[in-house]
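Just so it is clear: chains get the letters A, B, ... in the order the sequence lines come, proteins before strands, and each one is counted from 1. Hydrogens, waters and symmetry mates play no part in the numbers below; they use all other heavy atoms, side chains included.
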Amino acid sequence: MTASNTQQPRTGDVPPYDPTAVEQKWQARWRERGTNHTDLAGGERPFYALMMFPYPSAEGLHVGNLFAFTGNDIYGRFQRLQGHTVFEPLGYDAFGIHSENYALKVGEHPMRLIPRNVANFQRQLERAGLMVDWRYAVDTTDPHYYKWTQWVFLQLYKQGLAYKKTAAVNWCPSCKTVLANEQVIAGECERCGSTVEQRELEQWFFRISAYAERLLDNLDWLDWSETTKTAQRNWIGRSEGARLTFLAPVHGAVAPDADAELAEEHPAVMSAHRIVVFTTRPDTVFGATYLVLAPEHPLVDALTTDAQRDAVSAYRERVLHQDLVSRKVVGDKEKTGVFTGSYAVNPATNALVPIWIADYVLMEYGTGAIMAVPGHDERDFEFAQKFDLPIVRVVAAENEDADTPLAAAYTENEGGRLVASGEFDGLSVAEGKQAITQWLAERGAAEPQVNYRLHDWCISRQRYWGPPIPVLYCERCGTVPVPEEQLPVVLPDIEDFRPDDTGVSPLARHEEWYYTDCPTCGGRARRETDVSDTFLDSAWYFLRYPSARRDDVPFDAELTRKWLPVNSYIGGNEHAVLHLLYARFITMVLHDAGLLEFEEPFTRFRAHGLIIREGAKMSKSRGNVVNPDEYMSAWGADAFRTYLMVLGPYEQGGDFRDSGISGVKRFLDRLWTSVYEAREQGAGSREQGADRGVLRKLHQTIRKVGEDIPRLSYNTAIAAMMEYMNVLRAGERQVHVAEVKPLVQLVAPFAPHVAEELWEALGGATSVFDAGWPEFDPALAAEETVQLAVQVNGRLRGTISVSPDVTQEGAYAAAMAEPQIAKFVTGEPKKIVFVKGRLLNIVV
RNA sequence: GCUCAGGUGGCGAAAUCGGUAGACGCGGCGGGCUUAAACCCCGCUCCCGGUGACGGGGUCCGGGUUCGAGUCCCGGCCUGAGCACCA
């Protein structure tokens with residue numbers, strides 16, 4: 001990395017451009033004058049420009065953070081130049097397992113560690129020159145903040161959307177602690193390498209699944225990056241199908257509702273277990289040759305015969321003790337399973353089919369049981385082959401012989417016809433789905449069903465570093481929510497915050513905190529010791545910013561009405577599903593509680609790209625991490641910001657390399673020089689006519705930059721300004737004030753400090769950000785002549801210089817006057833294609 | 001495996017609606033300024049042939065649609081990200 005902080009001016013009276021001095025001067029001025037303070041109550045045309053707040057890691061600000069924030073800052077500053085009152089807040093997402101693990105590693109308490117990290121972040125962020133109003137910063141670990149996070153929990157509890165149930169967690173028997181899925185590597189603990197087990201714990205959940213349909217439907221009208229919407233749609237995972245009932249005979253009791261005809265064939269069905277399966281392919285029911293239940297399915301015990309009991313128990317034991325990750329990791333994992341010994345009746349064929357259990361069927365999805373159709377499902381096919389179960393074809397492609405044995409599952413949805421399906425033969429898959437579901441429904445064996453992949457949100461963490469879940473367990477009253485007026489439930493400052501082998505949070509060890517009085521009866525009560533998921537902290541922070549200085553309400557009604565929903569939200573696509581979905585969910589819940597007028601928090605969302613280096617993600621282990629401080633010292637924050645924006649399309653990211661930054665710095669140097677040289681000349685010394693071309697380019701640039709910034713096409717906006725600079729200084733011509741002053745305004749969102757300095761040098765009385773956007777004059781931007789491409793048979797044969805509104809006839813005549821073009825036109829043209837102002841194609 | 005994004009000069013990239021491919025920048029080459037260097041300024045820079053005007057080829061590969069395809073359609077290859085037995 002090489003750089004110079006100063007440069008020698010070309011002519012005598014241009015002061016040197018020292019970025020460090022300029023940036024310090026303006027940051028100090030902004031502070032003194034409150035330039036970045038938003039008038040939340042009085043400001044007109046409010047514009048809320050939100051960026052995802054960072055987790056303040058010990059390593060300090062990452063270039064990725066800065067790339068994200070700069071992009072948002074440019075957008076926000078641009079909106080301000082357009083006359084909006086812009087609110088651009090920022091804060092810290094400082095709770096969570098990241099911070100806690102780091103604290104454990106270095107052996108320092110997070111309550112001491114985090115404030116230091118935050119201070120360091122703050123220093124780096126201020127240096128970058130963001131238009132952030134720091135008076136409204138939030139910190140999720142501040143009791144004044146998490147008091148309201150706990151309040152949000154209580155709102156869900158009140159509505160019956162928070163509930164407790166038993167769920168499995170990963171457990172490391174050697175570290176004696178609960179592990180997050182990310183901490184389990186190939187079935188082993190990331191820290192000590194022991195084999196991870198599964199443990200059942202009581203945990204708190206939010207009923208987000210009840211909102212699945214709304215969360216999905218609203219996506220249709222949200223102005224969001226398409227990629228993000230697709231990711232959410234996939235995550236919600238709507239699938240349409242049917243629940244089918246299979247009866248499994250039982251000895252003894254009598255089932256009164258059993259089908260008479262069926263009973264004749266299988267008398268035992270008169271008393272039967274009802275096994276309900278979910279399928280998206282009811283059309284293939286004639287090919288269902290066995291059933292599979294999840295090992296945890298409640299009917300497994302009842303269905304297991306004595307002969308199979310040992311095998312089934314052993315299998316269940318093994319599956320239920322495996323860690324959560326390995327169970328679901330597929331890859332080359334072979335199918336496993338055990339036969340229960342029982343059979344069920346296929347409601348379509350009345351044939352008896354064996355009932356198996358296998359870990360590839362998950363209890364959380366559908367009904368925890370499937371009908372296996374090996375002919376038309378890859379997983380079932382693999383399983384049937386391994387265990388030698390019958391594979392029957394019930395769908396065939398148009399040109400396929402229905403009797404050909406299947407070499408693999410045929411899963412095509414379109415183009416196939418039903419075969420071996422009785423009266424339904426010949427129907428398409430879509431028709432079959434409909435007809436068979438209806439047929440079975442009439443006999444009480446089917447009902448249409450929509451399923452979602454989206455699971456309820458487990459918010460419990462058996463950890464220390466988070467907001468305690470505000471619930472008490474009273475010996476007399478049972479579960480009691482902490483009354484709102486008693487919030488916050490403060491996280492105690494305990495030295496011993498390490499997890500231990502009890503499987504409950506370290507908070508449980510601190511009796512003075514753990515035991516308290518029941519707010520209802522005054523008796524003895526225990527506190528909930530789980531803390532809530534970090535994603536809950538960030539699921540509502542955007543509501544808090546405008547009201548961050550109010551301690552009596554989570555969010556002020558009037559400010560919220562004025563500033564929300566958020567006008568523009570920018571962030572990484574790594575949060576496309578979890579964070580953005582949770583934030584939408586919480587907003588909907590608060591809306592339904594009558595606390596918010598809107599149900600979608602972010603009107604517009606754009607995902608920015610990722611900054612990589614030398615083709616790889618930056619990471620400490622690769623040693624390719626860029627420290628923003630070094631670059632800002634060497635080149636200045638302005639050049640660094642602008643460089644980050646020029647290195648690729650903002651929504652795509654780019655490859656960081658040192659080489660390109662000098663070009664950006666050179667551009668700012670040239671701007672600096674131009675301004676001082678122009679000032680020397682004074683205003684109004686412009687010769688008429690001679691500057692027409694420059695003026696035209698200026699107005700074209702104003703238009704281009706004004707179009708590019710709203711669509712986050714920052715790299716092309718900068719290129720356009722560089723082009724203008726090349727025209728401005730071409731052949732060392734004298735630059736005039738009127739030519740360069742608007743350029744300073746255009747540059748301002750990208751390089752705010754130097755723009756302020758130059759604006760002041762040109763006599764600007766206010767901050768450049770209160771000076772508005774330069775006026776665009778379409779008449780001045782219009783070209784007098786255009787280069788029209790002339791093709792013969794689609795091949796470029798030359799260009800002609802014509803007026804932009806030349807007609808086809810005029811263009812043709814002009815083209816034929818060029819011998820270079822005319823020589824390719826032999827005889828009368830068969831056809832002429834003319835695109836006004838662009839091209840003429842002569843087909844001969 | 002599935003979903004999404006992408007594949008264009010030596011490099012980062014541009015081409016917004018199917019209309020002159022390579023804007024802008026880095027690097028490289030040549031020149032000016034300078035005692036000299038740095039800085040700065042000017043010119044050239046997709047490939048092949050030609051001194052040149054110019055001609056031919058060229059946007060991952062193979063087909064197609066069109067007067068015209070980087071852009072649209074079909075098939076395939078490669079890279080990156082996310083999800084992962086969701087019936």
(message) Looking at A:Asn726, I'd like to know whether one of its side-chain N or O atoms comes within less than 4.0 Å of OP1 or OP2 on B:rG25.
(response) yes
(request) Could you let me know what B:rA13 is paired to, Watson-Crick or G-U wobble, both distances under 3.5 Å, or none if it's on its own? (result) none
(message) Going by purine N1 to pyrimidine N3 plus the second Watson-Crick contact, or the G-U wobble pair, all under 3.5 Å, which nucleotide sits opposite B:rG22?
(response) none
(request) From the options B:rA87, B:rC67, B:rU20, select the nucleotide whose nearest atom is closest to the side chain of A:Lys831. (result) B:rC67
(request) Report the distance from atom CD of A:Glu723 to atom P of B:rG22, rounded to the nearest whole Å. (result) 13 Å
(message) Is A:Arg666 close enough to B:rC40 that one of its side-chain N or O atoms is under 4.0 Å from OP1 or OP2 there?
(response) yes
(message) For the P atoms, the ones on B:rC17 and on B:rC73, what distance do you get once it is rounded to whole angstrom?
(response) 14 Å
(request) Measure from the side-chain heavy atoms of A:Ser239 and tell me the nearest of B:rA87, B:rG19, B:rU3. (result) B:rA87
(request) Provide the Watson-Crick or G-U wobble partner of B:rC83, both distances under 3.5 Å; none if there is no partner. (result) B:rG1
(message) Distance check, P atoms only: B:rC39 and B:rG28, in whole angstrom units.
(response) 11 Å
(message) Going by the glycosidic torsion and a 90 degree boundary from 0, is the base of B:rG68 oriented syn or anti?
(response) anti
(request) Could you work out the separation of B:rA14 and B:rG7 based on their C1' atoms and round it to a whole Å? (result) 16 Å
(request) Indicate whether the side chain of A:Arg243 and that of A:Thr367 have a donor and an acceptor atom separated by less than 3.5 Å. (result) no
(message) With no hydrogens and no angle check, just 3.5 Å: does a side-chain donor-acceptor pair link A:Asn841 and A:Arg795?
(response) no
(message) With rounding to the closest Å, how many angstrom separate the C1' atoms on B:rU59 and B:rU51?
(response) 31 Å
(message) On RNA chain B, compare the nucleotides closest to A:Gly654 and A:Val843; which residue's is nearer the 5' end?
(response) A:Gly654
(message) Need the pair for B:rC54. Rule: Watson-Crick or G-U wobble, both distances under 3.5 Å, any strand; none if unpaired.
(response) B:rG49
(message) With rounding to the closest Å, how many angstrom separate the P atoms on B:rC11 and B:rC2?
(response) 32 Å
(message) Between A:Asn715 and B:rA14, is there a contact of a side-chain N or O with OP1 or OP2 at under 4.0 Å?
(response) yes
(request) Round to a whole Å and report the spacing from CG of A:Asn573 to C1' of B:rU3. (result) 12 Å
(message) Measuring only the C1' atom in each nucleotide, how far is B:rA36 from B:rG50? A whole number of Å is fine.
(response) 40 Å
(request) Compute whether any side-chain donor of one residue and acceptor of the other, for A:Asp377 and A:Tyr410, lie under 3.5 angstrom apart. (result) no
(message) Below the 4.0 Å mark, does B:rC83 have OP1 or OP2 next to a side-chain nitrogen or oxygen of A:Arg453?
(response) no
(request) Return the value, rounded to whole Å, for the distance between atom CG of A:Leu668 and atom P of B:rG25. (result) 13 Å
(message) Taking any heavy-atom pair under 4.0 Å as a contact, classify A:Thr799: base, sugar-phosphate, or nothing.
(response) base
(message) One pair to check against side chain to side chain contact (heavy atoms under 4.5 Å, CB included): A:Lys697 and A:Thr701. What are the steps and the verdict?
(response) CA-CA 6 Å; A:Lys697 189 69 182 171; A:Thr701 307; 4.2 Å; yes
(message) If we ignore hydrogens and angles and just use 3.5 Å, is the side chain of A:Gln449 paired with the main-chain N or O of A:Gly241 as donor and acceptor?
(response) no
(request) Starting from the 5' end of RNA chain B, give me the residue, A:Lys823 or A:Gly237, whose nearest nucleotide shows up first. (result) A:Lys823
(message) Can you check the distance between B:rA21 and B:rG70, where both ends of the measurement are the C1' atom (answer in whole Å)?
(response) 8 Å
(request) Tell me which nucleotide among B:rU20, B:rA87, B:rG68 gets nearest to the side chain of A:Tyr365. (result) B:rA87
(request) Determine: side-chain N/O of A:Arg670 to OP1/OP2 of B:rC41, distance under 4.0 Å, yes or no. (result) yes
(message) Considering every strand and a 4.0 Å limit on heavy-atom distances, what is the contact class for A:Val292: base, sugar-phosphate, or nothing?
(response) nothing
(request) Tell me what A:Arg233 touches on the nucleic acid: a base, only sugar-phosphate, or nothing, going by heavy atoms under 4.0 Å. (result) nothing
(message) Among B:rU16, B:rG19, B:rU20, which nucleotide has an atom closest to any side-chain atom of A:Lys704?
(response) B:rU16
(request) Please determine, for B:rA38, whether a Watson-Crick or G-U wobble partner exists with both distances under 3.5 Å, and give it or none. (result) none
(request) Could you check how far CD of A:Gln820 sits from P of B:rC54, rounded to whole Å? (result) 6 Å
(message) When you measure from the side chain of A:Thr289 to the backbone of A:Pro390, do you find a donor-acceptor pair of N or O atoms at a distance under 3.5 Å?
(response) yes
(message) Under 3.5 Å for both donor-acceptor distances, Watson-Crick or wobble: does B:rG6 have a partner, and if so which one?
(response) B:rC78
(message) Given the structure, check if the side chain of A:Lys335 and the base of B:rC85 hold any donor-acceptor pair shorter than 3.5 Å.
(response) yes
(message) For the aromatic rings, using the six-membered ring if either is Trp, is the centroid distance between A:Phe383 and A:Tyr290 under 6.0 Å?
(response) yes
(message) Distance check, P atoms only: B:rU3 and B:rA23, in whole angstrom units.
(response) 37 Å
(message) Within the 4.0 Å heavy-atom criterion, would you say A:Asn841 contacts the bases, only the backbone, or no part of the nucleic acid?
(response) base
(request) Measure from the side chain of A:Ala789, starting at C-beta and using heavy atoms only, and say which of B:rA13, B:rG19, B:rU20 lies closest. (result) B:rU20
(message) Is A:Thr716 close enough to B:rA13 that one of its side-chain N or O atoms is under 4.0 Å from OP1 or OP2 there?
(response) no
(request) Ignoring backbone atoms, test whether A:Arg795 places a side-chain nitrogen or oxygen under 4.0 Å from the OP1 or OP2 oxygen of B:rG57. (result) yes
(message) If the glycosidic angle sits within 90 degrees of zero it is syn, else anti. Tell me which applies to B:rC48.
(response) anti
(request) Write down the distance between CG (A:Asp655) and C1' (B:rU79), rounded to a whole number of angstrom. (result) 13 Å
(message) Counting only side-chain heavy atoms from C-beta out, which of B:rG6, B:rG68, B:rC24 sits nearest to A:Gln652?
(response) B:rG6
(request) Cation-pi check, A:Arg703 to A:Phe776: give yes when NZ or CZ is under 6.0 Å from the six-membered ring centre and within 45° of the ring axis, no otherwise. (result) no
(request) Searching all strands shown, indicate the nucleotide that pairs with B:rG43 (Watson-Crick or G-U wobble; both distances under 3.5 Å). (result) B:rC29
(request) Specify the separation, in whole Å, of atom CG of A:Leu839 and atom P of B:rU66. (result) 18 Å
